[in-house]
Asks: 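Sending over a structure as structure tokens; questions will come in a sec.
Basis for what follows: all heavy atoms, side chains included, without hydrogens, waters or symmetry-related copies.
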Amino acid sequence: YVKVGKVVTVLADVTSAAGSSTTNQIGGLPFTGLTPHGSAYVSFTSGSNSPAGAYVDSTTLNFIQNASQTGANISAGERVIFVAVYYTSA
């Protein structure tokens with residue numbers, strides 16, 4: 001991640017652990033985001049129920065399938081590459 005002023009940019013290439021349960025979130029972002037000032041572009045997924053994008057809520061990235069913010073599940077062993085940009089208060 002990179003933080004310049006109040007803007008945080010996160011670039012990631014992650015693979016869900018084999019045997020893990022299905023999720024639609026990645027928690028533990030490095031700074032608390034101002035809600036709803038954050039979004040993500042998903043450039044690649046290896047799964048069939050692939051996320052189209054994501055939004056930041058506090059320190060959690062929530063993957064979505066469509067504009068209605070329907071959760072997009074990431075299954076065990078699925079790979080996701082994304083970039084997220086969000087604002088912080090300081």
Asks: Determine, using the 4.5 Å side-chain heavy-atom cutoff (strictly less than), whether Val10 and Ile81 are members of one ILVMFWY cluster.
Replies: no
Asks: Are Tyr87 and Val56 packed together at the side-chain level, in the sense that at least one heavy-atom pair is separated by less than 4.5 angstrom?
Replies: no
Asks: Kindly give the heavy-atom pair with the smallest separation between Ala84 and Leu61, and that separation in Å.
Replies: CB-CD1, 4.1 Å
Asks: Just to verify, what does Asp57 make a side-chain contact (heavy atoms from CB on, under 4.5 Å) with, not counting sequence neighbours?
Replies: Thr35, Tyr55, Asn62
Asks: For Ala52 and Gln65, work out which heavy atoms get closest and say how close.
Replies: CB-O, 3.3 Å
Asks: Do Val8 and Leu29 touch side chain to side chain, with heavy atoms closer than 4.5 Å?
Replies: no
Asks: Which value, rounded to the nearest 0.5 Å, describes the distance between Thr9 atom OG1 and Tyr86 atom OH?
Replies: 9.5 Å
Asks: Who are the side chain to side chain donor-acceptor pair (under 3.5 Å) partners of Thr45, not counting sequence neighbours?
Replies: Ser50
Asks: Hey, could you give me each pair passing salt bridge (charged side-chain N to carboxylate O under 4.0 Å, His left out) that has a residue in residues 75-84? Not counting sequence neighbours.
Replies: Asp13-Arg79
Asks: Of the non-hydrogen atoms in Ile64 and Ala54, which two are nearest, and what is the gap between them?
Replies: CG1-N, 4.0 Å
Asks: According to a 4.5 Å side-chain heavy-atom criterion applied to Ile, Leu, Val, Met, Phe, Trp and Tyr, with indirect links allowed, do Leu11 and Tyr41 form part of one hydrophobic cluster?
Replies: yes
Asks: Please check this pair: side chain of Ser58 against backbone of Thr60, looking for a donor-acceptor N/O pair closer than 3.5 Å.
Replies: no
Asks: So do the side chains of Asn24 and Ile74 get within less than 4.5 Å of each other, counting heavy atoms only?
Replies: no
Asks: Any side-chain heavy atom of Phe44 within less than 4.5 Å of one from Val80?
Replies: no
Asks: Kindly write out the residues that satisfy ring pair (Phe, Tyr, Trp, His ring centres under 6.0 Å) with Tyr1, not counting sequence neighbours, or none if the list is empty.
Replies: Phe31
Asks: Using a cut-off of 6.0 Å, state whether more than 12 heavy atoms not belonging to Lys3 lie near its atom NZ.
Replies: yes
Asks: Not counting sequence neighbours, which residues clear side-chain contact (heavy atoms from CB on, under 4.5 Å) with Ala12? List them please.
Replies: Val14, Phe82
Asks: Of the non-hydrogen atoms in Ser16 and Ala76, which two are nearest, and what is the gap between them?
Replies: OG-CA, 3.8 Å
